[in-house]
Amino acid sequence: MGLFDRFRNRHQGSVPQQSDQTDLQRDKLIRCFDQSGQEILIPKEEWRLRVLPGTIKTAWEDSEKLYNLLAMALQDGFAADVLDAARHLSEVEPKSTRATCVFAIALLQTDRLDEAEAVLQKHLTNNGEDGYVLTNLAKVYAARNQHEKAEATLWHALEVDPNQDNALTWYVATQRERFGSDAGIEALRRVVAIDGAWRPQLWLARAALEDHHLEQAVALYHQCLARAGEPVPADVIMQISGDLGNHGWFQDLIDLTEPIFRPEVHGLPTGNNLIKANLALGRRNAAIVILNQLNSFKRPDWRQTLDYWETQIAEAPHDQDNHHSEAN
């Protein structure tokens with residue numbers, strides 16, 4: 001992406017977290033890495049004015065890079081700055097769901113609601129129903145305060161694709177707000193009943209863990225993994241390993257996720273949880289294997305976390321089998 005590369009892989013809290021003050025400061029900064037792998041924090045406004053335009057120009061003819069850049073820029077609140085680039089991507093990829101959605105979101109975030117609706121409706125007309133497009137159409141209706149229309153469109157989006165994280169979270173939140181906390185669980189069960197659903201099982205499993213029903217949670221995880229396909233999506237295995245780890249079920253974490261862990265796909269977030277679980281169970285060698293796998297990618301944004309685990313592993317007792325073999 002030109003002079004700077006940016007990474008947005010967040011992981012669950014296996015490593016001590018930054019202070020609230022640091023988090024508040026970083027909200028106003030862009031985290032990136034130069035070509036030597038050195039972390040650089042740039043004020044958002046400086047990034048917007050000095051770095052973003054050149055980065056867009058560099059990525060203009062590469063749809064993959066341009067999409068990733070646009071997605072990050074929209075998260076940072078730079079919709080007005082990337083509107084023309086988003087329009088360009090939608091013209092280059094006229095049948096692409098991602099291009100349509102990123103353009104519509106840029107329009108939505110700049111209060112051009114009629115244009116956003118037109119872009120989404122055109123995609124549906126030309127390419128057929130798509131869950132992500134319908135979810136963003138529901139956002140347009142919600143922005144107009146057409147709440148009944150937004151809710152009906154959101155539900156239809158889930159009928160088309162029940163495994164959209166954003167749509168599912170939004171739907172459950174609306175049910176809880178209107179009918180109370182128990183309505184959230186009922187909402188998840190309604191989505192589970194849709195053919196092909198696997199993501200709502202993750203959230204039902206989390207609720208089961210919070211109610212101390214481990215067997216129920218594990219059964220839901222098995223159902224989810226059986227339907228989610230291969231390789232298992234990174235956020236799915238991250239949530240399974242994170243939730244089990246947060247509740248102290250380290251052996252179940254390993255049994256469910258270690259056999260399907262693919263470091264090139266699942267990366268630091270799940271690797272992080274597996275290292276922690278193995279160390280908690282006294283499996284130092286298994287932790288070293290995962291650490292070495294992650295180190296092989298030479299990701300500068302992983303360096304701080306992996307250095308932490310190298311220290312923890314160095315201080316951990318050796319596996320019992322090693323002691324026996326060394327004694328012999």
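Remember, it's a predicted structure, so these values are computed and weren't measured experimentally. Values below: all heavy atoms of this structure, side chains included; hydrogens, waters and symmetry mates excluded. One is the number of the first residue; the rest follow in order along the sequence.
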Would you name the heavy atoms of Ala234 and Thr270 that are closest together and state the gap between them?
O-OG1, 4.3 Å

Over 12 foreign heavy atoms within 6.0 Å of CG, Asp182
no

According to side-chain hydrogen bond (donor to acceptor under 3.5 Å, both in side chains), who are the partners of Thr153, at least two apart in sequence or on a separate chain?
none

With side chains defined as the heavy atoms from C-beta onward, is the minimum distance between Pro200 and Asn163 less than 4.5 Å?
yes

Suppose we screen for side-chain hydrogen bond (donor to acceptor under 3.5 Å, both in side chains). Which residues come up paired with Arg87, at least two apart in sequence or across chains?
Asp84

Please list all pairs meeting salt bridge (Lys or Arg N to Asp or Glu O under 4.0 Å) that have one or both residues in residues 149-164, counting only residues at least two apart or in different chains.
Glu151-Arg178

To check you understand the geometry: which heavy-atom pair defines the closest contact between Ile56 and Ala85, and what is its length?
CG2-CB, 3.9 Å

State, without any angle test, whether Glu210 and His247 hold a side-chain donor-acceptor pair at a distance under 3.5 Å.
no

For the pair His88 (side chain) and Trp60 (backbone), establish whether a donor and an acceptor sit closer than 3.5 Å, ignoring hydrogens and angles.
yes

From Ile254 CD1 over to Ser241 OG, what is the distance, rounded to the nearest 0.5 angstrom?
10.5 Å

In this structure, would Leu113 and Phe103 fall into the same cluster of hydrophobic residues linked by side-chain contacts under 4.5 Å?
no

Distance col, row Leu204:CG vs Leu209:CG, nearest 0.5 angstrom, shows 11.0 Å

With a 4.5 Å limit on heavy-atom distance, are the side chains of Thr305 and Leu294 in contact?
no

Check whether any side-chain heavy atom of Glu310 sits under 4.5 Å from a side-chain heavy atom of Asn295, and report yes or no.
yes

I'd like to check the side-chain hydrogen bond (donor to acceptor under 3.5 Å, both in side chains) partners of His123; sequence neighbours left out, ordered by chain and number.
Thr100, Asn127

I'd like to check the ring-ring contact (aromatic ring centres under 6.0 Å, His included) partners of Tyr171; sequence neighbours left out, ordered by chain and number.
Trp155

For residues 245-274, which residue pairs qualify under salt bridge (Lys or Arg N to Asp or Glu O under 4.0 Å), counting only residues two or more places apart or in two chains?
Glu258-Arg283

Does anything in residues 226-237 pair up under side chain to side chain donor-acceptor pair (under 3.5 Å), and if so which pairs, sequence neighbours excluded?
Arg199-Asp235

Smallest heavy-atom separation, Thr257 atom then Leu253 atom, equals OG1-O, 2.6 Å

For Val265, the hydrophobic cluster (side chain heavy atoms closer than 4.5 Å, chained through members) also holds none

So do Ile290 and Pro263 actually touch side chain to side chain, heavy atoms under 4.5 Å?
no

Does any part of the side chain of Val232, heavy atoms only, come nearer than 4.5 Å to the side chain of His266, both counted from C-beta?
yes

Can you tell me how far apart CD1 (Ile194) and CG (Leu158) are? Round to the nearest 0.5 Å.
6.0 Å

Hphob cluster co-occupancy, Ile237 + Leu274, side-chain heavy atoms under 4.5 angstrom:
yes

Do Arg98 and Glu93 come close enough that some side-chain heavy atom pair is under 4.5 Å?
yes

salt_bridge(Glu45, Lys28) N-O dist < 4.0 Å:
no

Within a radius of less than 6.0 Å around CZ of Arg50, do more than 12 heavy atoms belonging to other residues, nucleotides or ligands occur?
no

Going through the distances and angles, do Asp81 and Arg48 end up as a salt bridge (Lys or Arg N to Asp or Glu O under 4.0 Å)?
CA-CA 8 Å; Asp81 300 277; Arg48 184 180 75 83; 2.8 Å; yes

Can Arg206 and Asp211 be said to form a salt bridge (Lys or Arg N to Asp or Glu O under 4.0 Å), step by step?
CA-CA 9 Å; Arg206 175 175 287 180; Asp211 289 337; over 6 Å; no

Would Tyr141 and Glu148 count as a side chain to side chain contact (heavy atoms under 4.5 Å, CB included) if you check the C-alpha gap in whole Å, the side-chain angles of each, and the deciding distance to 0.1 Å?
CA-CA 9 Å; Tyr141 297 143; Glu148 289 187 7; over 6 Å; no

Ring pair (Phe, Tyr, Trp, His ring centres under 6.0 Å) partners of residues 174-218, not counting sequence neighbours, each pair once:
none

Would you mind writing out the side-chain donor-acceptor pairs for residues 130-140 within the sub-3.5 Å range, not counting sequence neighbours?
| from | atom 1 | to | atom 2 | distance (Å) |
| --- | --- | --- | --- | --- |
| Asp130 | OD1 | Tyr132 | N | 2.9 |
| Asp130 | OD1 | Val133 | N | 3.1 |
| Asp130 | OD2 | Thr97 | OG1 | 3.0 |
| Thr135 | OG1 | Gly131 | O | 2.9 |
| Thr135 | OG1 | Gln164 | OE1 | 2.8 |
| Asn136 | ND2 | Tyr132 | O | 2.9 |
| Lys139 | NZ | Asn166 | OD1 | 3.4 |

How close do Ala142 and Ala150 get, counting heavy atoms only, and between which atoms?
N-CB, 3.7 Å

So, using ring-ring contact (aromatic ring centres under 6.0 Å, His included) as the criterion, who are the partners of Trp170 when residues are at least two apart?
none

Any side-chain heavy-atom pair of Ser63 and Leu89 under 4.5 Å:
yes

Name each donor-acceptor pair under 3.5 Å that joins a side chain in residues 215-223 to protein atoms two or more places apart or in another chain, with its distance.
| from | atom 1 | to | atom 2 | distance (Å) |
| --- | --- | --- | --- | --- |
| Gln223 | OE1 | Gln201 | NE2 | 2.6 |

If you measure from CD1 on Ile275 to CG on Asn278, what distance do you get to the nearest 0.5 Å?
8.5 Å

For Val82 and Ala73, the nearest pair of non-hydrogen atoms, with its separation, is CG1-CB, 3.6 Å

Begin with the C-alpha distance, continue with both residues' side-chain angles, and end with the deciding distance and a verdict on side chain to side chain contact (heavy atoms under 4.5 Å, CB included) for Val119 and Leu107.
CA-CA 9 Å; Val119 166; Leu107 290 166; 3.8 Å; yes

Look up atom CG in Asp307 and atom CD in Gln312, then write down how far apart they are to the nearest 0.5 Å.
12.0 Å

Trp249 side chain near Asp243 side chain, heavy-atom distance below 4.5 Å:
no

About how many Å separate CG of Asn273 and CZ of Phe250, when rounded to the nearest 0.5 Å?
9.5 Å

Find out if a path of hydrophobic residues (ILVMFWY) with successive side-chain heavy-atom gaps under 4.5 Å connects Leu268 to Ile260.
yes

CA sep, side-chain torsions, deciding dist, call: Leu281, Gln251, side chain to side chain contact (heavy atoms under 4.5 Å, CB included)
CA-CA 8 Å; Leu281 296 175; Gln251 188 59 58; 3.4 Å; yes

In terms of hydrophobic clusters joined by side-chain contacts under 4.5 Å, are Val92 and Val102 together?
no

Might you point out which heavy atoms bring Ala116 and Ala104 nearest each other, and give the distance in Å?
CB-O, 3.7 Å

